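Each remark here refers to the structure printed beneath this line.
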Amino acid sequence: ELIEGSDTELTVHLNARKKIPLLTITHELKLLNTNETYREKIQVSLKPGEKRTLKFPITTGTGPGRYRAGRFDLTGLDSSGMAYAQTTVDKNVEITVFPAINALQNVNLINRPRLYHGYYTSSFRGEGLEFSEIKEYRHGDSLKHINWRKSLKWGSLLVNDRYLDRNIDVVIIVDSLTQISGPGGNYLHIAARGAASLAHHYTERNDRVGLIDYDGTIDPILPQAGPAQLKKILARLARLRESPLYVAKKAATIPGKVLPPQGIVYGFTSLSDERAYQMFVDLAARGFYLVLIYISPLDLAMIDEQRGDEDSRLTAEIWELRQEAKLAGLKKLGARLIRPQEGKVGHALADFSTGGGVFR
């Protein structure tokens, strides 16, 4: 398991029983999410009995995902350059690359109180760790809260009053019905990094975080707190891939325990698929506090409406008008909208929390 941006390598040990004028070793690295294949080739000459150690770097710069490594194709060439022996060695090593996390430091994202244990105090008094005041004992107060030292000093029973602890239920939905990739970035990679950053931010605060990879099916990670939950979410985000399904379940089929009524729902989407749009409309209409992170396909494709032929410009303009109409409809239903620029979701979330002008 690796975090995006951290590289590793495979070590290959060679032991030649006889002379090999030229040995070509090709390592195949496959991204299972998209079936893209990357190959690294090394050629060496070996003397009889010679031992050699080779290093094959594995870079995670292509993005998060599940990679299959360890397949080596070996071809032996004679002095004339003719192949005389070929074989394949497949160790079938699977490497999971988690999406990079942008630390959202000093970011006061949306906080909505819930009456559960957490790190942040509520304005309500009750069971908790944060001290509120000392008051006279009343019928119904817990005996374990009696402040005996103050009671003896003042000659009457006094109790410590505390604030209720609180935390937040957060559900992150990633629309993976479509995939867009262009000069401006890879949609699923951008969404995965943004979702990972949000999950890290809230789990660090001991809030409960859940995840739905909306690929037509609904197989949620139920909201929980803690480092183990964060790792589970990162592993699911590393498996994001474009959905091959032509049907999709509706938001109404999502169980209530997945979407707590007082929770916050963050949705990552390009709104390129009508099914995703309808799901977010349903969520907003049902009164969920919905924050939509809209990653524009036009930005990813870096389409300039001012250039190109007239038909291309007209098509881009019509398409953008349709997208704007969808976004306007979601805002009327109460959804909050975040529009990252150049795929910088972390910066956009920070601006959103401080009231920056990136959002509509």
Side-chain angles (χ1 to χ4, degrees), residues 99 101 104 107-120 166-177 188 190-240 243 248-271 275-295 330 333-338 345-346 348-349 352-353:
I101 294 174
L104 305 178
V107 174
N108 183 27
L109 292 176
I110 303 158
N111 298 321
R112 302 191 72 195
R114 287 185 57 75
L115 306 184
Y116 294 101
H117 293 288
Y119 288 162
Y120 298 87
R166 75 176 184 186
N167 74 355
I168 303 168
D169 284 339
V170 175
V171 177
I172 302 169
I173 300 177
V174 179
D175 162 24
S176 59
L177 288 169
L188 285 182
I190 293 172
R193 294 174 193 127
S197 301
L198 276 174
H200 174 264
H201 177 81
Y202 281 109
T203 53
E204 283 285 293
R205 296 159 47 100
N206 204 36
D207 294 322
R208 304 198 316 162
V209 183
L211 176 72
I212 297 176
D213 170 16
Y214 190 65
D215 61 354
T217 63
I218 296 175
D219 182 19
I221 295 177
L222 298 179
Q224 295 292 338
Q229 178 74 352
L230 175 61
K231 185 174 181 180
K232 186 185 296 185
I233 290 173
L234 293 178
R236 180 68 65 85
L237 291 172
R239 303 174 70 93
L240 287 179
S243 172
K249 292 188 176 182
K250 297 182 179 180
T253 63
I254 301 177
K257 60 183 178 180
V258 179
L259 292 174
Q262 297 182 35
I264 302 169
V265 179
Y266 287 95
F268 289 84
T269 183
S270 65
L271 290 182
R275 295 169 294 174
Y277 169 66
Q278 289 299 329
M279 184 199 62
F280 288 119
V281 166
D282 291 345
L283 289 174
R286 288 166 59 187
F288 287 100
Y289 194 100
L290 176 62
V291 181
L292 208 61
I293 297 94
Y294 171 63
I295 302 170
L330 286 164
L333 291 172
R336 280 71 174 172
L337 180 61
I338 300 178
V345 175
L349 290 169
F352 177 64
S353 67

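Here the structure is a predicted model, which is why all the values come from computation and not from measurement.
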Could you pull out the closest heavy-atom pair between [X] and [Y], with the gap in Å?
| X | Y | value |
| --- | --- | --- |
| Ala192 | Leu240 | CB-CD1, 3.9 Å |
| Leu237 | Ala196 | CD1-N, 3.6 Å |
| Leu290 | Phe280 | CD2-O, 3.6 Å |
| Arg208 | Pro223 | NH1-O, 3.9 Å |
| Leu222 | Gln229 | O-NE2, 2.8 Å |
| Ala276 | Thr269 | CB-OG1, 4.3 Å |

Side-chain contact test, heavy atoms from C-beta onward, threshold under 4.5 Å: evaluate it for [X] versus [Y] and give yes or no.
| X | Y | value |
| --- | --- | --- |
| Phe268 | Leu198 | yes |
| Asp213 | Asp219 | no |
| Tyr277 | Asp175 | no |
| Val265 | Ile173 | yes |
| Leu259 | Leu283 | yes |

Who pairs with Leu188 by side chain to side chain contact (heavy atoms under 4.5 Å, CB included), at least two apart in sequence or on another chain? Ser176, Gln179, Asn186
Arg275: which residues meet the side chain to side chain donor-acceptor pair (under 3.5 Å) condition with it, sequence neighbours left out? Asp273
